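What follows is one structure encoded as C-alpha cells, with my remarks underneath.
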Amino acid sequence: MRRVEYAALTLLMSAPMTHVVTESCIKCKYTDCVDVCPVDCFREGPNMLVIEPDECIDCAVCIPECPVNAIYAEEDVPEDQRRFIALNVELSQTWPSITRMKPHPEDADEWKDVRDKLKYLDRGK
Ligand code: SF4
Ligand code: F3S
C-alpha cells in the first residue's frame, strides 16, 4: 500500500465516530434507548433525546431498542437526516443527562409515523 493511502486509512480508522438520534424521536421520546446505554451518554430535551458524541462508545446496542428507528451509527445516517449529526453535538452540550427510561408522552404513538418533524423540535430555553 502506498504511504499516502496508508496515512488516509489510519486517519479514517482513528477518527472518532458516534451514534446519532434523528428526527423520528421528536415528540415520541420513548426512552427505551436510555436503559441499555452502558456509558449514560443520552441527553434529554423537552421532546427529544440526543447523544453526547464524545461519550458514545459506538456499541450500537441502543439501535434496536428504539421503537421508531431513530438511532443510527454516524456513517449510516440517511442523507435527509444528516443535519441531526450537528444537532446532537450542539444540543448535548446544554441538555441534561438522562439515565433511566421514563413514561413517553401520551400522544407519542400519534407522532411515530409523522415525517418532517424538525419544525416541532423544542430546544428548551
Ligand atoms: Fe450508548 Fe452505545 Fe448507543 Fe452510544 S451506541 S448511545 S454508547 S448505547
Ligand atoms: Fe427517542 Fe427512540 Fe430513544 S424515540 S428516546 S431514540 S427509544
Side-chain angles (χ1 to χ4, degrees):
M1 187 180 294
R2 286 185 301 156
R3 185 178 301 180
V4 64
E5 290 173 344
Y6 181 77
L9 187 62
T10 305
L11 190 66
L12 193 66
M13 290 175 70
S14 63
M17 297 300 294
T18 184
H19 279 57
V20 177
V21 183
T22 62
E23 181 180 274
S24 300
C25 183
I26 295 171
K27 283 186 161 285
C28 287
K29 205 167 104 170
Y30 287 106
T31 70
D32 300 60
C33 54
V34 173
D35 266 357
V36 300
C37 182
V39 292
D40 293 340
C41 60
F42 282 93
R43 301 289 184 267
E44 182 182 16
N47 64 4
M48 179 190 185
L49 301 192
V50 293
I51 291 170
E52 156 55 75
D54 292 335
E55 294 179 13
C56 175
I57 58 170
D58 252 2
C59 70
V61 299
C62 56
I63 290 179
E65 298 301 316
C66 177
V68 290
N69 301 315
I71 305 172
Y72 293 87
E74 184 176 358
E75 63 269 32
D76 296 332
V77 174
E79 203 54 46
D80 67 346
Q81 300 286 303
R82 302 292 294 178
R83 71 186 73 176
F84 281 89
I85 297 173
L87 273 173
N88 277 241
V89 174
E90 177 196 337
L91 298 171
S92 65
Q93 302 311 303
T94 53
W95 285 356
S97 178
I98 174 172
T99 58
R100 289 271 175 85
M101 188 177 175
K102 62 196 268 188
H104 57 68
E106 276 182 16
D107 61 348
D109 291 349
E110 294 169 28
W111 288 95
K112 66 183 169 55
D113 297 319
V114 177
R115 305 297 303 255
D116 297 326
K117 295 193 286 185
L118 183 54
K119 53 183 171 284
Y120 301 116
L121 172 63
D122 185 346
R123 292 166 170 263
K125 55 179 166 35

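Model, not experiment: these values are computed from the prediction. When a residue number appears, it is its place in the shown sequence, counting from 1.
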**Prompt:** Any idea which heavy atoms bring Cys62 and Val36 closest together, and the distance?
**Reply:** CA-CG2, 3.8 Å

**Hydrophobic cluster identity match, Val50 and Val77, side-chain contacts under 4.5 Å** = yes

**Leu91 with Ile98, same ILVMFWY side-chain cluster at under 4.5 Å** = yes

**Message:** Let's go through Cys28 and Lys117 carefully: what are the C-alpha distance in whole Å and the side-chain angles of both, what is the deciding distance for side chain to side chain contact (heavy atoms under 4.5 Å, CB included) to 0.1 Å, and is it a yes or a no?
**Reply:** CA-CA 10 Å; Cys28 287; Lys117 295 193 286 185; 3.6 Å; yes

**Asked** Between Met48 and Lys29, what is the shortest heavy-atom contact and its length?
**Response** N-CD, 3.5 Å

**Prompt:** Quick one: does Cys66's side chain get under 4.5 Å of Cys25's, heavy atoms only?
**Reply:** no

**Prompt:** Does the side chain to side chain contact (heavy atoms under 4.5 Å, CB included) test come out yes or no for Val20 and Ile51, once each step is laid out?
**Reply:** CA-CA 6 Å; Val20 177; Ile51 291 170; 5.9 Å; no

**Request:** Kindly write out the residues that satisfy ring-ring contact (aromatic ring centres under 6.0 Å, His included) with Trp111, not counting sequence neighbours, or none if the list is empty.
**Result:** Tyr120

**Item:** Rounded distance [0.5 Å steps], CG in Leu87 versus CD1 in Ile26
**Value:** 8.0 Å

**Message:** Determine whether a donor-acceptor pair (N or O, by modelled atom type, separation under 3.5 Å) exists between the side chain of Thr31 and the backbone of Lys102.
**Reply:** yes

**Prompt:** Shortest non-hydrogen contact from Pro38 to Cys59?
**Reply:** CD-SG, 3.9 Å

**Request:** List the steps, then state whether side chain to side chain contact (heavy atoms under 4.5 Å, CB included) holds for Leu49 with Trp95.
**Result:** CA-CA 9 Å; Leu49 301 192; Trp95 285 356; 6.0 Å; no

**Prompt:** If we only count heavy atoms from C-beta on, is the Arg43 to Ser97 side-chain gap below 4.5 Å?
**Reply:** yes

**Complete:** Rounded to the nearest 0.5 Å, the CG atom of Asp58 sits from the CD atom of Glu75 at a distance of 6.5 Å

**Prompt:** Does any non-hydrogen side-chain atom of Asp32 lie less than 4.5 Å from one of Pro67?
**Reply:** yes

**Item:** Side chain proximity check, Arg83 to Leu118, heavy atoms < 4.5 angstrom
**Value:** yes

**side chain to side chain donor-acceptor pair (under 3.5 Å) partners of Arg123, counting only residues at least two apart** = Glu90

**Item:** Gap between atom CD1 of Ile71 and atom CD of Glu65 - 0.5 Å precision
**Value:** 8.5 Å

**Message:** As an exercise, state the distance from CZ of Phe84 to OG of Ser24, rounded to the nearest 0.5 Å.
**Reply:** 8.5 Å

**Message:** Run Asn88 and Glu74 through side chain to side chain contact (heavy atoms under 4.5 Å, CB included) and show every step you take.
**Reply:** CA-CA 11 Å; Asn88 277 241; Glu74 184 176 358; over 6 Å; no

**Message:** Distance check, rounded to the nearest 0.5 Å: Asp40 atom CG versus Glu52 atom CD?
**Reply:** 12.5 Å

